[in-house]
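Taking it in order: structure first as C-alpha cells, then the write-up.
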Amino acid sequence: MNSDRITETAYLQRIVPALLEWYPGHRRDLPWRVHPLPYYVWISEVMLQQTRVETVIPYYRRFLKELPSVGDLACCPPEKLMKLWEGIGYYSRARNLQKAAKVVMEVYGGCMPDTKEELLKLPGIGSYTASAISSIAYGRCEAAVDGNVLRVSTRLLEDSGCIDEPKVKKRWEKIWTAVMRQYQESCPEKGSFPGTFNQAMMEIGATVCVPGGAPACSRCPLSAFCLAHLHEGELLYPVRKTKRPRRVEKRTVLLLTDGGRIALRKRSGKGLLAGMWELPNEEGTLTREEALSYAEKLGLSPLRIRPLPHARHVFTHIEWEMTGWQVLAETLEDLKTCGMEPAGQAAAAAETAADRTGLSVSGAWALASVQQAETQYAIPAAFSAYLKVAGIRPKAMLQRERKESAVPEAGYEGSHGSR
DNA sequence: AAGTCGGGGCT
DNA sequence: AGCCCAGACTT
C-alpha cells in the first residue's frame, strides 16, 4: 500500500514538465486569472463549485464590481448579496461567503489566511477550495483535487476507485501533493509553480480530458503517460456510483396580480432555495376552484382567474411538476395584513426582524412591480416560466451587464505564470 | 456513507 | 432523459 504510493508518486512525477510546458500556450484567459489576489481567487473558486466556467464569468464580473473587497462583502446587505447570486444556484454558498468574510475582517484583519489549515476553518471552504486559494494566491504546495483532476487522475493510472468515495479523493490529494512537493524541492525558484500546476491539471480536465464523450487525447500533453489511453479505455474512467432517482413533486404556482404588481413570498431561511423570494405555491395540483379559494383565504377578492401552462423544474434530488393559475384581484394590499399561515408566521416574522431590507415587505409577503421584481428581489430560476407570463425576466440585471461588458476581455498579457 | 443543495448545457 | 460541472455541509 505504502510502497504503491511511492511508486505512483515517482511515476506521476514525470508528467510535471510536460504539464508545465503545455499550460502557458493553452490556458484560457479567465477574469480571475488576470490578478490572482486571494479575494478574487476565493470568490471565483466558490462560484465555480459545481458550476461551469461560462456560467460563472458574468456573475464573477458583476460580483467584484459591486463588492470589490472582503470588507464590502462583509457588510453587504443580505438581500443585495442574494440578488448578486440569483440564478447561479446553491445559495448557501453566498451566505457562507459573507459569514467567512466577517470572520476574515474580525479575526484576520481583512487579510485572507494563507494556509490550507486556516482556510479550512472558514465556512464554505472545503478541501478543494482551501487548496486552490493557498496554491494559486499564495504559492503553497497543496493539491486542488476537483472533478476535473479526479477524471484526469483515474484515467492516467486506470484507477477504478469510485470517485464519489472520500477516501479516493483523499488518496489523490496525498499523491498530487507529494508530487508537487518533490518537484518544488528540485526547482525551488518558481513560486508560481503550485498555482500553475493545479490550474494546468484542471485546464486539461476542462478542455482536453473531458467527460461525456471521447476525450481529445491527440491534443493531450499527458497522453504518453496515460494508461487508460494506452489501453484505449478512457471511457471506463472515472467510476461513479449510480445516482438514485429524483423525487417528483407536483406543485401549483399562483401568479397573484392586480394588473400592475405581483405578490412575492419569502421562503424559509432553511432548506431548499432558503431565503429566496418566490411566487406563492402549494404542494399538489389545485383545481380552478381550489386556486380561487386559496386566493380568498389569503384575503384577496379575485376578479378573474386563468390557467397557466405546465412547467417543470429539475433540481438535483427533486423535480417539480408545476401547474399555474393567474389570479387577478382589484388590490393585493390585503395580503399584507392577512394570508399568513399560522405555522409560517412566527418564522417569517423572525426573519423580517432579522434582516432589515428597506423593501416593501410586510410579514413574508412583498408586492413588486415588474421593474422591482427584476432589480430588487432574488427569485430562483424554478419560477421563471411563470415570471415570464408576467413579463419578468429573472436574470434581467445580469443580461444587461453581459451586453455592456461584452467587448473588454480583461486578459491581454502580463498574467503569465498565473500569478 | 448518504442526503441536501441549483441550474444549465451537452450527449 | 441522463450526465456532469474548479463541492461543501449536515446527519
Side-chain angles (χ1 to χ4, degrees), chain A residues 27-28 30-33 36 41-60 82 85-97 99-100 119-133 135-136 143-152 162-169 173 195 197-207 209-214 235 238 240-248 267-276 278 312-320 378-385 394-395 398 418:
Chain A
R27 64 193 284 274
R28 291 166 293 178
L30 302 174
W32 45 88
R33 286 179 173 168
V41 175
W42 176 34
I43 300 303
S44 69
E45 292 299 345
V46 170
M47 283 188 172
L48 286 163
Q49 289 168 6
Q50 295 293 290
T51 311
R52 296 171 183 283
V53 166
E54 306 79 51
T55 306
V56 163
I57 290 174
Y59 283 92
Y60 174 83
M82 296 320 289
W85 213 264
E86 177 191 53
I88 192 175
Y90 287 148
Y91 298 96
S92 66
R93 289 186 292 178
R95 270 185 285 275
N96 283 334
L97 218 41
K99 279 186 200 166
L119 288 163
L120 276 172
K121 295 176 185 172
L122 297 172
I125 297 186
S127 182
Y128 163 76
T129 306
S131 291
I133 297 172
S135 65
I136 299 170
V145 176
D146 68 341
N148 284 320
V149 174
L150 281 173
R151 185 170 53 256
V152 174
C162 177
I163 63 170
D164 299 309
E165 293 174 9
K167 65 176 183 183
V168 172
K169 183 177 168 186
E173 286 175 337
F197 177 90
N198 281 332
Q199 293 185 84
M201 286 291 288
M202 291 189 278
E203 200 76 352
I204 288 184
T207 65
C209 194
V210 292
L235 297 181
R240 264 194 200 277
K241 279 182 216 161
T242 60
K243 288 169 186 163
R244 53 183 205 79
R246 274 184 294 272
R247 174 172 87 248
V248 179
R267 291 179 64 86
S268 148
K270 290 179 183 173
L272 187 68
L273 304 173
M276 303 292 284
E278 66 178 358
R312 173 191 312 273
H313 188 81
V314 181
F315 300 94
T316 307
H317 56 292
I318 308 174
E319 186 173 332
W320 282 356
I379 311 172
F383 299 96
S384 57
K395 294 193 286 186
L398 195 65
S418 88

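Every value quoted in this text rests on a predicted model; they were computed, and no experiment measured them.
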Take the protein atom CG of N148(A) and the nucleotide atom P of dG7(C), then report the distance between them rounded to whole Å. 7 Å
Without decimals, in angstroms, what is the distance between R52(A) CZ and dC5(C) C1'? 5 Å
Measure the shortest side-chain to side-chain distance between W32(A) and V53(A) over non-hydrogen atoms and say whether it is less than 4.5 angstrom. yes
Tell me if the aromatic rings of H317(A) and F315(A) count as close, with their centers under 6.0 Å from one another. no
Nt span of DNA chain B in reach of chain A heavy atoms at under 4.0 Å, 5' end first, is dA1(B) to dT11(B)
Checking S131(A) against E173(A) for the side-chain contact (heavy atoms from CB on, under 4.5 Å) test, could you report, in this order, the C-alpha distance in whole Å, the side-chain angles of both residues, the deciding distance, and whether it holds? CA-CA 10 Å; S131(A) 291; E173(A) 286 175 337; 5.6 Å; no
Could you run down the sub-3.5 Å N/O contacts of the protein with nucleotides 9-11 of chain C?
residue : atom : partner : partner atom : Å
dC9(C)  : OP1  : G124(A) : N            : 2.4

First of I379(A) and P211(A) reached from the 5' end of DNA chain B, by closest nucleotide: I379(A)
With sugar-phosphate meaning primed atoms plus P, OP1 and OP2, does W85(A) contact a base, only sugar-phosphate, or nothing at under 4.0 Å between heavy atoms? nothing
To the nearest 0.5 Å, what is the distance between OH (Y91(A)) and CG (L272(A))? 10.0 Å
Distance check: side-chain N/O of K169(A) vs OP1/OP2 of dA8(C), anything under 4.0 Å? yes
Looking at T55(A), I'd like to know whether one of its side-chain N or O atoms comes within less than 4.0 Å of OP1 or OP2 on dC5(C). no
May I ask you to evaluate whether Q49(A) reaches the phosphate of dG7(C), defined as a side-chain N or O under 4.0 Å from OP1 or OP2? no
